[in-house]
Amino acid sequence: MTTAQDTTTAEEYEALRASVEEFARKEVAPVIGDLYIREEFPYDITAKMGEMGLFGLPVPESYGGMGGDYHALCLALEELARVDSSVAITVEAGVGLGAMPILRFGTDEQKARWLPDLAAGRTLGAFGLTEPGGGSDAGATRTTARLDGGEWVINGSKCFITNSGTDITSVVTVTAVTGEKAGGRKEISAILVPAGTPGFTVSEKYSKVGWNCSDTRELFFDDVRVPEANLLGERGRGYAQFLSILDEGRVAIAALATGLAQGCVDESVRYAGEREAFGNTIGSYQAIQFKIADMEARAHTARLAWQHAARLLVAGEPFKKEAAIAKLVSSNAAMDNARDATQIFGGYGFMNEYPVGRFYRDAKILEVGEGTSEVQKMLIARHLGL
């Protein structure tokens, strides 16, 4: 039975979804193609998304956020990714990897200092976890941090870090080895490093296959000193903290991947109704109809998967297995739909001026980032007791 509160919540979700859909169609779609080709970060679009409150959707109003939940964030991400994934991942990383670790584990002082600007989109945060040679083995951290005179002294490097080198990046949370636990295991902690701290440098932007409007860089720490109070959460719990953040992030990435998969359907339906071959629109041919039907089924299934995981997350119930399933299913859907959409468009699908070419380039990273497909299968199997 649906209560009045449930109905209101559903209406609020739909209002948010519709407003982001309109924004993506009117503000993002007309300009993103040129920005993508020039590999420029979308500062104007980011500012507008900040004004809409998208970066603060799951952040409490007391810290300048919208007071919503993770489901609301995921709805916004899906609609953004229907048009462009670079814009969507900027929001996903800014919220999930930038603001949420501080919200979940920060002190009152840390929250008050960083969250208002992050929630408003005036600044961006990043999370430095992955290291060269580490990949999926995030526990193989080599970056170190030692205490010296009330300060953490950090040395090491990170790679593939989103939102870490923009003009509005304010802080990067870094995992580092801060000691040794019983049995010789590494003690890994998370530490907040403000942008511009002496010794903290960022590389030039990576030259990437896709996500060309997203900021991704390598980070270097050479005797970087920050106050001892910049420890985020409990000492020695940095890796465990990030794993919990990653569980939430998988739901968000699943929503983003669903958006890309649905965008492929949108573009294919439009093109199939316009393009003529052998005297008819190609959409009148069963081969194209079946291909698009399969694409829609994948997007629909992916949406059900991330929404189920999001409902569990918001309700405070266990959701790790469901998050892994959603990430696996949706990233596969995005890749398969991008491939099929490119085939439907033929030669035009290989041209950068058409969105499906951008979708094809953006899809592959969804099977890699925030946990590879193989990692998701490992997690699912583990939850089945295997």
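Only heavy atoms go into these numbers, but all of them, side chains included; no hydrogens, no water, no symmetry mates. Since the structure is predicted, the reported quantities are computational estimates derived from the model, not experimental observations.
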Participant: When you check the gap from the basic side-chain N to the acidic O, do D336 and R339 get nearer than 4.0 Å?
Facilitator: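 Result for this pair is yes, salt bridge flagged.
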Participant: Does a side-chain heavy-atom distance below 4.5 Å link I188 with F242?
Facilitator: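 No; the side chains remain at least 4.5 Å from each other.
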Participant: Could you check whether the rings of Y271 and F345 sit parallel, tilted or perpendicular, using 30° and 60° as the cut-offs?
Facilitator: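 Parallel: the ring planes of Y271 and F345 meet at under 30°.
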Participant: Show which side-chain atoms of residues 67-75 pair as donor or acceptor with protein atoms under 3.5 Å away, not counting sequence neighbours.
Facilitator:
from, atom 1, to, atom 2, distance (Å)
D69, OD1, Y13, OH, 3.2
D69, OD1, H71, N, 3.1
D69, OD1, A72, N, 2.9
D69, OD2, Y13, OH, 2.6

Participant: Return yes when atom CD of Q289 has more than 12 non-hydrogen atoms of other residues, nucleotides or ligands closer than 6.0 Å, and no otherwise.
Facilitator: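 Buried by this count: over 12 neighbours within 6.0 Å.
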Participant: Between L366 and W211, is there a side-chain heavy-atom distance shorter than 4.5 Å?
Facilitator: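 Sidechains of L366 and W211: in contact.
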Participant: Which is it for F160 and Y206 under the ring-ring contact (aromatic ring centres under 6.0 Å, His included) test, yes or no, and what are the steps along the way?
Facilitator: CA-CA 8 Å; F160 310 137; Y206 287 110; 5.5 Å; yes
Participant: What's the spacing between H300 NE2 and L304 CG if we round to 0.5 Å?
Facilitator: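 So the gap between those two atoms works out to 4.0 Å.
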Participant: Do other residues, nucleotides or ligands put more than 12 heavy atoms under 6.0 Å from D223 CG?
Facilitator: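 Counting neighbours around CG of D223, more than 12 heavy atoms of other residues, nucleotides or ligands fall under 6.0 Å, so yes.
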Participant: CZ of R122: more than 12 outside heavy atoms within 6.0 angstrom?
Facilitator: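 Enclosed.
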Participant: Do S157 and P132 come within less than 4.5 Å of each other through their side chains, counting heavy atoms only?
Facilitator: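 SC-SC contact between S157 and P132 confirmed.
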Participant: For atom NZ of K181, is the number of surrounding heavy atoms from other residues, nucleotides or ligands below 6.0 Å larger than 12?
Facilitator: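 More than 12 heavy atoms, drawn from other residues, nucleotides or ligands, come within 6.0 Å of this atom.
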Participant: When the side chains of residues 196-204 are checked against the rest of the protein, which donor-acceptor pairs come out under 3.5 Å, sequence neighbours left out?
Facilitator:
from, atom 1, to, atom 2, distance (Å)
T197, OG1, P194, O, 2.6
S203, OG, E218, N, 3.0
S203, OG, E218, O, 3.4

Participant: Hey, are the side chains of L80 and L54 touching, using non-hydrogen atoms and a 4.5 Å cut-off?
Facilitator: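 L80 reaches L54 side chain to side chain.
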Participant: With a 4.5 Å heavy-atom cut-off, do I325 and Q376 have their side chains touching?
Facilitator: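 Not in contact.
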Participant: Can you tell whether the side chains of R298 and D340 come within less than 4.0 Å, N to carboxylate O?
Facilitator: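 A salt bridge links R298 with D340.
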Participant: Quick check for you: to the nearest 0.5 Å, what is the distance between I365 atom CD1 and K208 atom NZ?
Facilitator: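 If I round to the nearest 0.5 Å, the distance is 8.5 Å.
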Participant: CE/M52 to CG/L16 distance, rounded to the nearest 0.5 angstrom?
Facilitator: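 Going from the CE atom of M52 to the CG atom of L16 covers 7.5 Å.
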Participant: Does OH in Y43 sit with more than 12 non-hydrogen atoms of other residues, nucleotides or ligands closer than 6.0 Å?
Facilitator: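 Buried by this count: over 12 neighbours within 6.0 Å.
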Participant: Suppose the criterion is side-chain hydrogen bond (donor to acceptor under 3.5 Å, both in side chains): which pairs have a residue in residues 33-42, not counting sequence neighbours?
Facilitator: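 Sorted result for residues 33-42: Y36-D362, R38-E40.
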Participant: Report the residue from E79, E78, E296 that forms a salt bridge (charged side-chain N to carboxylate O under 4.0 Å, His left out) with R303.
Facilitator: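 Per the salt bridge (charged side-chain N to carboxylate O under 4.0 Å, His left out) rule, the option paired with R303 is E78, out of E79, E78, E296.
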Participant: Between E374 and K377, is the salt bridge (Lys or Arg N to Asp or Glu O under 4.0 Å) condition met? List the steps.
Facilitator: CA-CA 5 Å; E374 290 76 14; K377 293 176 183 179; 5.8 Å; no
Participant: Could you note down all residue pairs passing salt bridge (charged side-chain N to carboxylate O under 4.0 Å, His left out) where residues 309-333 supplies at least one of them, sequence neighbours left out?
Facilitator: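 Found D247-K320.
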Participant: More than 12 heavy atoms of other residues, nucleotides or ligands under 6.0 Å from OH of Y285: yes or no?
Facilitator: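 Correct, the count exceeds 12.
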Participant: Exactly one of T175, T130, T141 should register a side chain to side chain donor-acceptor pair (under 3.5 Å) with K158. Which one does?
Facilitator: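 Filter result, single survivor: T175.
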Participant: For the pair M49 and V87, evaluate side-chain contact (heavy atoms from CB on, under 4.5 Å) and give the outcome as yes or no after the intermediate values.
Facilitator: CA-CA 9 Å; M49 292 190 297; V87 170; 3.4 Å; yes
Participant: Go through the steps for E51 and K48 under the test salt bridge (Lys or Arg N to Asp or Glu O under 4.0 Å), then give the verdict.
Facilitator: CA-CA 5 Å; E51 293 170 1; K48 291 176 181 178; over 6 Å; no
Participant: Tell me yes or no: between the side chains of E187 and T178, is some donor less than 3.5 Å from an acceptor?
Facilitator: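 Judged by distance alone, the side chains do pair up.
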Participant: Drop me the distance from L118's CG to S170's OG, to the nearest 0.5 angstrom.
Facilitator: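 The OG atom of S170 is 4.5 Å from CG of L118, to the nearest 0.5 Å.
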Participant: Quick check for you: to the nearest 0.5 Å, what is the distance between R235 atom CZ and L147 atom CG?
Facilitator: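 Nearest 0.5 Å value for the CZ-CG distance: 5.5 Å.
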Participant: Identify each donor-acceptor pair in which a side-chain atom of residues 91-107 lies under 3.5 Å from a protein atom, sequence neighbours left out, and give them as a table.
Facilitator:
from, atom 1, to, atom 2, distance (Å)
R104, NE, E248, OE2, 3.0
R104, NH2, E248, OE1, 3.4
R104, NH2, E248, OE2, 2.8
T107, OG1, Q110, N, 3.1

Participant: Under 4.5 Å between any side-chain heavy atoms of L124 and F41, yes or no?
Facilitator: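 A side-chain contact exists here, since the closest heavy-atom pair is under 4.5 Å.
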Participant: Tell me, which pairs form a salt bridge (charged side-chain N to carboxylate O under 4.0 Å, His left out) where one or both residues lie in residues 140-156, sequence neighbours left out?
Facilitator: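 Residue pairs with at least one partner in residues 140-156: D148-R225, E151-R225.
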Participant: Out of curiosity, N337 CG to T342 OG1, how far, rounded to the nearest 0.5 Å?
Facilitator: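 Between atom CG of N337 and atom OG1 of T342 there are 10.5 Å.
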Participant: If we ignore angles and hydrogens, is there a donor and acceptor under 3.5 Å between the side chains of N352 and R361?
Facilitator: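 A donor-acceptor contact under 3.5 Å links the two side chains.
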